[in-house]
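The shown structure was predicted, so the numbers you read here are calculated from the model rather than taken from an experiment.
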Amino acid sequence: MTPRTVQLWADSGILPSWKTPGGHRRYSLKEVRRFAQDVRAETSNTSKGQGEMPDPVRVQIIEDEHSLQRLYARSFESWQLPVELRQSMDGYQGLLELGQFEPDLLILDLNLPNIDGFSIIEAMQRQGVLSQLRLLVVTALDVTWVQSRIDDVVSGIEVLPKPIPFERIRSTVEQLLEKNR
């Protein structure tokens, strides 16, 4: 794993840390060991076959930052949940793959090259796709402003702030898994 991945885990609260007055991150060895132990425990619990697994949740992420793409993939992998993940690097590619992949959950950034996230939401609304999936918008923009702009097009879309709230996303994946049972 890269130092950037660890930094992103720290920024998103997955791995507890603090910063020195000089801005350097510090990690407790105890917390790092706990994190590693939690990942190993999740892996062993799911490999013991706890009954029949539901159909995997199909998740598509449209995010143009490579480091965040890796962070998403690593986090989903650490959960050891049945997830089929597809990642798109720009709005145009994401919109094309959306129709082919037909995800249960779409995680969408708004500031994207080619076609921005707002345009993707408008296109999905026009095509009636929003009723077929769950959409989470994850953005560094002001959440209140984004929510009001999206609500002008369609209501019921959850807007989440960056750093990425992985616990909220995991909760959504677990809800969709329960629905698939």
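With contacts defined as side-chain heavy-atom distances shorter than 4.5 Å, the pair V138/D109 does not qualify. Annotation: side chain of L133 is in contact with side chain of M124 (closest heavy-atom distance under 4.5 Å).
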Distance-only check: which donor-acceptor pairs under 3.5 Å involve side-chain atoms of residues 157-164, not counting sequence neighbours?
{"residue": "E158", "atom": "OE1", "partner": "R134", "partner atom": "NH2", "Å": "3.4"}
{"residue": "E158", "atom": "OE1", "partner": "R168", "partner atom": "NH2", "Å": "2.8"}
{"residue": "E158", "atom": "OE2", "partner": "R168", "partner atom": "NE", "Å": "2.9"}
{"residue": "K162", "atom": "NZ", "partner": "E63", "partner atom": "OE1", "Å": "3.2"}

Listing, residues 82-95 side-chain donor-acceptor contacts under 3.5 Å, not counting sequence neighbours, or none:
{"residue": "E84", "atom": "OE1", "partner": "R58", "partner atom": "NH1", "Å": "3.3"}
{"residue": "E84", "atom": "OE2", "partner": "R58", "partner atom": "NH1", "Å": "3.4"}
{"residue": "Q87", "atom": "NE2", "partner": "Q69", "partner atom": "O", "Å": "2.9"}
{"residue": "Q87", "atom": "NE2", "partner": "Q69", "partner atom": "OE1", "Å": "2.6"}
{"residue": "S88", "atom": "OG", "partner": "Q60", "partner atom": "NE2", "Å": "3.2"}
{"residue": "S88", "atom": "OG", "partner": "E97", "partner atom": "OE1", "Å": "2.7"}
{"residue": "D90", "atom": "OD1", "partner": "Y92", "partner atom": "N", "Å": "3.0"}
{"residue": "D90", "atom": "OD1", "partner": "Q93", "partner atom": "N", "Å": "2.7"}
{"residue": "D90", "atom": "OD2", "partner": "N114", "partner atom": "ND2", "Å": "3.2"}
{"residue": "Q93", "atom": "OE1", "partner": "M89", "partner atom": "N", "Å": "3.1"}
{"residue": "Q93", "atom": "NE2", "partner": "E97", "partner atom": "OE2", "Å": "3.0"}

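Residue pairs meeting the ring pair (Phe, Tyr, Trp, His ring centres under 6.0 Å) criterion with at least one partner in residues 110-133, sequence neighbours excluded, are F118-W145. Applying the ring pair (Phe, Tyr, Trp, His ring centres under 6.0 Å) test to every pair with at least one member in residues 122-143, sequence neighbours left out, gives no pairs at all.
Note: N111 CG to T139 OG1 = 6.0 Å, rounded to the nearest 0.5 Å. Between the CZ atom in R149 and the OG1 atom in T144 there is a gap of 15.0 Å [rounded to 0.5 Å]. We find the NE2-NZ distance between H24 and K19 to be 10.5 Å, quoted to the nearest 0.5 Å. Here the CD atom belonging to Q147 is positioned 11.0 Å from the CG atom belonging to D142, to the nearest 0.5 angstrom. Put simply, CD on E167 and CD1 on I14 are 7.5 Å apart, with the number rounded to the nearest 0.5 Å. Atom CG of D55 and atom CG of L177 lie 9.5 Å apart (nearest 0.5 Å).
No more than 12 heavy atoms of other residues, nucleotides or ligands shown are found within 6.0 angstrom of CD on Q127.
Residues that satisfy the side-chain hydrogen bond (donor to acceptor under 3.5 Å, both in side chains) test with S119, not counting sequence neighbours, are D116. Taking the salt bridge (Lys or Arg N to Asp or Glu O under 4.0 Å) definition, one finds that E174 meets it with R170, sequence neighbours left out. Legend: residues meeting ring-ring contact (aromatic ring centres under 6.0 Å, His included) with F76, ordered by chain and number and at least two apart, are W79. Residues meeting the side-chain hydrogen bond (donor to acceptor under 3.5 Å, both in side chains) test with R70, sequence neighbours left out: none.
Residues L108 and G117 share a closest heavy-atom pair of CD2-O, 3.7 Å. Closest heavy-atom contact between L112 and D64: CD2-N, 3.8 Å. The nearest pair of heavy atoms linking G156 to D151 is N-OD1, 4.4 Å.
Grouping the Ile, Leu, Val, Met, Phe, Trp and Tyr side chains by contacts below 4.5 angstrom, directly or via other members, places L176 apart from L98. Cluster annotation: I120 is not connected to Y72 through the hydrophobic network of ILVMFWY side chains, with a link wherever side-chain heavy atoms come within less than 4.5 Å. By the rule that hydrophobic residues join a cluster once side-chain heavy atoms approach within less than 4.5 Å of another member, V129 and L96 end up as members of one cluster. The cluster map of Ile, Leu, Val, Met, Phe, Trp and Tyr, joined by side-chain heavy atoms under 4.5 Å apart, puts V173 and I62 in different clusters. Residues V137 and L106 share a single hydrophobic cluster, defined by chaining ILVMFWY side chains whose heavy atoms lie under 4.5 Å apart.
Each of I107, L136, I169, T172 was scored for a side-chain contact (heavy atoms from CB on, under 4.5 Å) with V59, with one residue passing: I107.
With hydrogens and angles disregarded, a donor-acceptor distance shorter than 3.5 Å links the side chain of S75 to the backbone of L71.
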